[in-house]
Enquirer: 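Sending over a structure as structure tokens; questions will come in a sec.
Only a predicted model underlies this, so the values are computations on that prediction, with no experimental measurement involved. Atom set for the values below is all heavy atoms of this structure, side chains included, hydrogens, waters and symmetry mates excluded. Labels below follow one simple rule: chain letters A, B, ... track the order of the sequence lines, proteins then strands, and each chain is numbered from 1.
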2 protein chains.
Amino acid sequence: MSSEKSQLSPRIDKTGNIDILTAAAECFMEQGYHATSIDDVARRLGATKGRIYHYYRSKTELFFDVHREGMRRNFEAVTPVMKGPEPAAARLSAMFRQHALSMMENLALEAVVVQGVEMHRFGATTPEQRRTLAELMTVRNDFESLFKRVAYEGVEDGSIRTSDVSVAVKVALGAINWLSIWYRPRPAETRDDREILADKIVGSIMQGLNAPG
Amino acid sequence: MSSEKSQLSPRIDKTGNIDILTAAAECFMEQGYHATSIDDVARRLGATKGRIYHYYRSKTELFFDVHREGMRRNFEAVTPVMKGPEPAAARLSAMFRQHALSMMENLALEAVVVQGVEMHRFGATTPEQRRTLAELMTVRNDFESLFKRVAYEGVEDGSIRTSDVSVAVKVALGAINWLSIWYRPRPAETRDDREILADKIVGSIMQGLNAPG
DNA sequence: CAAAAAACCTACCAAGTAGTATGTGAGCCT
DNA sequence: AGGCTCACATACTACTTGGTAGGTTTTTTG
């Protein structure tokens, strides 16, 4: 009965559904997907399994939705600054900056995104799960392509110089995604602190370490 | 009975112990630590649990040893090039290059290292496991410090410019470690191919993306 | 306000897994 | 040759965990 409530559409509508997502994200970040039991997530919610299975048909779907929400926020952060009259290098910098800030401010969600789909490549059994998986991989690639496109523009308008755009973008995104490993917000941290950190990171990416000479 | 065969000493002596480590590393890379059963590792070895438990007292210890071996190879790759008469920037470049090559050539081991200790920070129950964990974290920090030290030298001798050495090093190492996510060797890949990729990565890190001007 | 639907909770099961206890064959030492 | 140890294999247990079936409470709707 009930049947089609899931499908590919995000299920973050109305209710406290987002609470489930964040609770799951925190558990997944701290212990990893497999080490996290549904009861763990429920306990963090102050509820029981029943609540979770009311909204998600399986643990896998829950993971997928966390991943989706994380990617959604990534796009939300980056797309507004990718177009404009500035040289491509400036826009790319802004995109990196936004992405870094998004990583810090949605740490749990993004940690799950980073932890990633790789682990599920082998375990996904049902055809629907495989389709969902393919969908998520596509979204990931699309996100990376956003950066690649602007980087190419930069090569053409002369504001960016690199021997290989694809590698350079992977290097930059790796540097930023690595935040999910080492960054943890300090107790009394402000938005300013995060912006300073983001600027340092973007500075490193754009200027490199070699002293000009 | 038997008792102290483990302890902190590496257990990669004589026999085919290294086979167990690499089989475990491959499983952990593909499925993650928790999703990998001891039977999975044994199956990949063409053996049974008995063989593994003959050398390792627990799954956790097996993981620890994989991690240790991965870090050992990292040090092995990097330390030979960190000292010398060249300016610090050149030496740092060489270290990055070596680390990138090590990532590619020990992919499974290094993927486990990256997957990391974070996940175990919470789950480690026994006192001995906690001590081992602390040890591994120390080793990680020491590795990062290697780069920081040379980077500081570079700031002093003027060959390196950055607003924050610590952040810059984390950015660079993140970029390289990210290889474990996206890099997969192509069928007929040669050592030259890997060196070309490593050089591109190091180039991106040292020169940045901004065109000089 | 009654009835239906949504939003949960409780109790349970089947499957999988870390770890153990015991067995066994091959080599080695004396 | 006989004993001993190493290097595994086999068979089992105790426990965890994803998922389900059915009940109960709260909210919405007619």
Side-chain angles (χ1 to χ4, degrees), chain A residues 1-7 9 11-24 27-28 30-66 119-120 122-126 128-129 132, chain B residues 1-6 11-24 27-28 30-66 119-120 122-126 128-129 132:
Chain A
M1 347 263 139
S2 82
S3 70
E4 303 322 55
K5 93 166 14 147
S6 76
Q7 291 304 85
S9 64
R11 237 155 302 121
I12 317 127
D13 29 45
K14 44 192 164 189
T15 72
N17 224 325
I18 192 71
D19 295 338
I20 299 182
L21 279 187
T22 59
C27 289
F28 291 161
E30 291 176 4
Q31 320 181 26
Y33 171 78
H34 285 283
T36 299
S37 74
I38 296 282
D39 288 311
D40 287 339
V41 180
R43 203 173 308 129
R44 183 168 295 234
L45 279 168
T48 66
K49 276 212 269 244
R51 177 160 170 203
I52 294 171
Y53 277 101
H54 181 67
Y55 293 96
Y56 295 96
R57 289 199 297 198
S58 70
K59 190 183 175 186
T60 311
E61 273 203 13
L62 176 57
F63 176 87
F64 285 158
D65 227 35
V66 171
M119 281 171 45
H120 289 268
F122 304 85
T125 44
T126 80
E128 194 192 327
Q129 282 179 8
T132 309
Chain B
M1 27 254 297
S2 73
S3 69
E4 304 321 55
K5 97 164 16 148
S6 77
R11 236 155 304 124
I12 315 128
D13 30 44
K14 43 190 167 190
T15 70
N17 224 325
I18 192 67
D19 294 338
I20 299 183
L21 279 187
T22 57
C27 289
F28 291 160
E30 290 176 4
Q31 319 181 27
Y33 172 77
H34 285 283
T36 299
S37 74
I38 296 283
D39 288 312
D40 286 340
V41 180
R43 201 173 307 128
R44 182 168 297 232
L45 279 168
T48 68
K49 274 215 266 253
R51 177 159 171 204
I52 294 171
Y53 277 101
H54 180 67
Y55 292 98
Y56 296 96
R57 288 200 298 197
S58 70
K59 189 183 173 185
T60 310
E61 273 202 13
L62 175 58
F63 176 87
F64 284 157
D65 227 35
V66 171
M119 280 170 45
H120 289 267
F122 305 85
T125 46
T126 81
E128 193 192 326
Q129 283 178 9
T132 309

Enquirer: What residues, two or more places apart in sequence or in another chain, satisfy salt bridge (charged side-chain N to carboxylate O under 4.0 Å, His left out) together with K49(A)?
Expert: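 Expected list: D39(A).
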Enquirer: Got a list of protein N/O to nucleotides 23-25 of chain D N/O distances below 3.5 Å?
Expert:
none

Enquirer: Figure out the CZ/C1' separation between R51(B) and dC8(D), and round it to whole Å.
Expert: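 It is 8 Å, rounded to the nearest whole Å.
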Enquirer: To the nearest Å, how far apart are Y53(A) OH and dA21(D) P?
Expert: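 Computing the Y53(A):OH to dA21(D):P distance gives 13 Å.
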Enquirer: Which value, rounded to the nearest 0.5 Å, describes the distance between I38(B) atom CD1 and L62(B) atom CG?
Expert: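 Rounded to the nearest 0.5 Å, the CD1-CG separation comes to 6.0 Å.
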Enquirer: What is the separation between atom CG on D19(B) and atom C1' on dA7(D), rounded to the nearest whole Å?
Expert: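 Going from CG in D19(B) over to C1' in dA7(D) covers 14 Å.
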Enquirer: Within this structure, what is the NE2-to-C1' distance between H34(A) and dA18(C), rounded to whole angstrom?
Expert: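 My rounded result for the distance is 16 Å.
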Enquirer: Give the rounded distance in Å between these two atoms: OH of Y56(B) and P of dT20(C).
Expert: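 These atoms are roughly 17 Å apart.
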Enquirer: What is the distance from atom OH of Y56(A) to atom CG of N17(A), rounded to the nearest 0.5 Å?
Expert: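 These two atoms lie 4.0 Å from each other.
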Enquirer: Return no unless some side-chain N or O of Y55(A) is found under 4.0 Å from OP1 or OP2 of dC8(C).
Expert: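 It does, given that an N or O in the side chain of Y55(A) lies less than 4.0 Å from OP1 or OP2 of dC8(C).
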Enquirer: Let me know the distance between CD1 of I52(B) and P of dT10(D), rounded to the nearest Å.
Expert: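 Checked: the CD1 to P distance equals 14 Å.
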Enquirer: Under 3.5 Å, which protein N or O atoms sit close to an N or O of nucleotides 14-17 of chain C? Give each pair with its distance.
Expert:
none

Enquirer: OP1, OP2 of dC8(D) versus side-chain N and O of H54(B): anything below 4.0 Å?
Expert: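 No.
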